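Chain A is the first sequence line, chain B the second, and so forth, proteins listed ahead of strands; every chain is numbered from 1. Worth saying up front: this structure is predicted, and the values here are computed from it rather than measured.
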There are 2 protein chains.
Amino acid sequence: MQSIARPQNLADAVYEQLKSELFEFQLLPGDRFTEIEVAERTGASRTPVRQALYRLQREGFIDVNFRNGWEVRPLDFDQLDALYEMRVLLEQTSVRRMKKLPAEELKAILRPLEKVWCVNSSKRSHDAGLVAQWDEEFHCALVAASGNSEFVRVHREITERIRIVRRLDFTQQARIAATYAEHSAILDALGHRAFSAVADQLATHIEVSRVEARKLTLLKLQNARKNFSPNKINHRTVPVSAGV
Amino acid sequence: MQSIARPQNLADAVYEQLKSELFEFQLLPGDRFTEIEVAERTGASRTPVRQALYRLQREGFIDVNFRNGWEVRPLDFDQLDALYEMRVLLEQTSVRRMKKLPAEELKAILRPLEKVWCVNSSKRSHDAGLVAQWDEEFHCALVAASGNSEFVRVHREITERIRIVRRLDFTQQARIAATYAEHSAILDALGHRAFSAVADQLATHIEVSRVEARKLTLLKLQNARKNFSPNKINHRTVPVSAGV
DNA sequence: ACACGTGGTACTGTATACAAGAGAGTATCC
DNA sequence: GGATACTCTCTTGTATACAGTACCACGTGT
């Protein structure tokens with residue numbers, strides 16, 4: 001979707017790797033780890049590792065304890081709710097602003113989205129990762145239509161922040177089907193310039209996915225905790241200064 | 001206003017110092033500098049300096065050129081406009097949500113603000129820095145009333161980002177007077193629960209200050225550039241690899 | 001006079017060495 | 001036995017050393 005930004009320096013590479021470990025729940029909320037551990041795991045030295053860690057800290061994923069290791073921040077569902085609210089606000093505002101767009105421009109925005117979402121069921125994807133990516137692109141495209149670069153930037157940051165729970169929604173085929181249905185309905189209504197109606201549809205659409213994602217996240221966390229092996233505990237999750 | 005966060009480590013201290021140099025227009029858009037220069041100026045080593053620089057980069061104030069020094073990013077008025085739009089959206093949304101607040105809570109929010117803004121002219125401050133700070137606190141308080149922590153966080157980030165131009169607005173006594181008048185009018189209307197009216201007032205209030213700030217910024221930049229001394233050029237703003 | 005190739009310098013990116021303190025574990029005392 | 005003080009290790013924070021290359025300047029050839 002947006003700037004791919006392949007990492008050219010080690011710090012970015014480490015950042016990407018850690019983030020993916022967070023998203024795959026290989027690093028679980030509450031897990032503790034040290035800079036040296038990460039450095040050995042990634043093959044980099046502490047310098048780029050620290051750059052990556054501090055970036056993740058500023059983005060809210062991890063915490064540093066003064067001279068006492070790092071820690072994966074627990075998922076804060078209140079904060080996630082606030083992020084989802086902000087997301088709704090941005091997307092609704094962007095959609096409402098579409099009424100200023102001439103028909104031509106609106107069509108140009110909708111056409112590529114319709115190619116993905118308004119297809120009969122044989123042509124639909126069942127791949128969770130792919131649908132998750134398309135879903136993000138769909139909603140980002142709505143905000144991009146606002147023409148406000150800061151709406152886009154903030155919305156993208158929110159997308160990054162909630163992805164960890166949002167993507168779980170597409171692990172269920174029924175939810176993928178619902179997403180197809182709702183997205184094509186939204187595109188339909190946009191084609192008829194029913195912007196206020198779309199704003200309402202969006203709120204519902206996002207709210208349902210928020211609730212589903214929360215349920216699945218709680219399940220996922222329970223399972224992930226069950227799968228602890230003693231090795232893994234010793235390797236990573238034990239309090240840092242506990243020795244062997 | 002929000003968390004004071006006195007810097008305990010060098011990186012934060014350097015960050016604060018650099019940011020204040022940016023805000024005071026001691027570091028001007030287009031200025032180039034190196035990590036070692038900053039290290040010598042602040043007394044820290046390159047490590048914390050780099051931490052601070054990368055933070056400022058992520059926040060959009062400066063750019064790094066690969067193996068070729070750092071550079072103060074030019075002020076982008078289109079981006080500032082987008083930030084102001086976002087600010088209006090957040091503050092209007094927060095104000096509109098106040099209608100859900102019971103009278104008691106609303107009063108508790110308004111009272112401290114009225115103490116600052118609804119005072120007769122003899123008690124008003126004429127200090128630009130102080131009024132600028134109170135102004136930020138006023139608008140942040142409105143958003144805080146929304147109860148959405150992400151609204152607050154994003155709004156605070158925007159406040160940090162636009163402060164560099166916004167504060168100039170209060171260097172004119174006439175604008176300070178206008179701010180007092182408009183803030184007290186807004187508080188009045190809020191006391192009467194005229195939330196939609198306040199939303200309109202806010203949009204106008206912010207829009208006027210945006211335009212004023214832009215005018216003053218352009219002036220300030222012109223003056224700052226005039227005051228270049230050859231020494232200063234050699235010291236800081238010449239292309240990095242130019243030797244003596 | 002101008003284009004092109006080459007060398008040197010200065011800059012960031014990365015690795016490593018050093019400093020200081022937080023915390024677990026142990027020994028000691030009552 | 002329990003509480004307290006202390007030591008020792010491990011951690012992050014900071015400083016510095018090293019590596020690689022982008023850019024400028026100069027020189028050379030045409």
Novice: What's the closest nucleotide to the B:R50 side chain, out of D:dA15, C:dT14, D:dT11?
Specialist: C:dT14
Novice: Whole-Å distance between D:dT21 P and B:N65 CG?
Specialist: 18 Å
Novice: Quick check for you: among C:dT14, C:dC18, C:dT12, whose closest atom lies nearest to any side-chain atom of A:P48?
Specialist: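 Taking heavy atoms from C-beta onward, the closest nucleotide is C:dT14.
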Novice: Considering non-hydrogen atoms only, spot the tightest contact between B:L142 and B:S94 and give its length.
Specialist: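 B:L142 and B:S94 have their closest heavy atoms at O-CB, 3.5 Å.
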Novice: To the nearest 0.5 Å, how far apart are CG in A:L219 and CZ in A:R214?
Specialist: 13.5 Å
Novice: What integer distance in Å separates B:Q51:CD from C:dG13:P?
Specialist: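 Spelled out: CD on B:Q51 to P on C:dG13 is 14 Å.
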Novice: Grab the CZ-P distance between A:R46 and D:dT12 for me, whole Å please.
Specialist: 6 Å
Novice: Hey, is the side chain of B:Y54 poking within less than 4.0 Å of OP1 or OP2 on C:dG13, counting only N and O atoms?
Specialist: yes
Novice: Assuming nearest nucleotide by heavy-atom distance, tell me which of B:T47 and A:F66 is located more 5' along DNA chain C.
Specialist: B:T47
Novice: Return the nearest nucleotide to the side chain of B:N68; candidates are D:dA15, D:dC23, C:dA22.
Specialist: D:dC23
Novice: Provide, to the nearest angstrom, the distance between the CG atom belonging to A:D12 and the P atom belonging to C:dT12.
Specialist: 17 Å
Novice: What is the separation between atom CD on B:E40 and atom C1' on C:dA10, rounded to the nearest whole Å?
Specialist: 13 Å
Novice: Within this structure, what is the CD1-to-P distance between A:I62 and D:dT12, rounded to whole angstrom?
Specialist: 11 Å
Novice: Roughly how many Å is it from CG in B:L53 to P in C:dT12, rounded to a whole number?
Specialist: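 Whole-Å distance recorded here is 8 Å.
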Novice: Validate the cation-pi geometry between B:R161 and B:F61: distance from NZ or CZ to the six-membered ring centre under 6.0 Å, angle to the ring axis within 45°.
Specialist: yes
Novice: Using whole Å, what does the distance between atom C1' of nucleotide D:dG20 and atom CG of A:N9 come to?
Specialist: 14 Å
Novice: Are the ring centres of B:W70 and B:Y54 closer than 6.0 Å?
Specialist: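 Between B:W70 and B:Y54, the centre distance is under 6.0 Å.
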Novice: Please round to the nearest 0.5 Å and tell me the distance separating atom NZ of B:K220 and atom CG of B:L218.
Specialist: 13.0 Å
Novice: From the list D:dA17, C:dC11, C:dT16, which nucleotide is the closest neighbour of the side chain of A:S45?
Specialist: C:dT16
Novice: Regarding C:dA20, can its base be found pairing with the side chain of A:R67 as donor and acceptor, where the two atoms are less than 3.5 Å apart?
Specialist: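 Side chain to base: pair found, below 3.5 Å.
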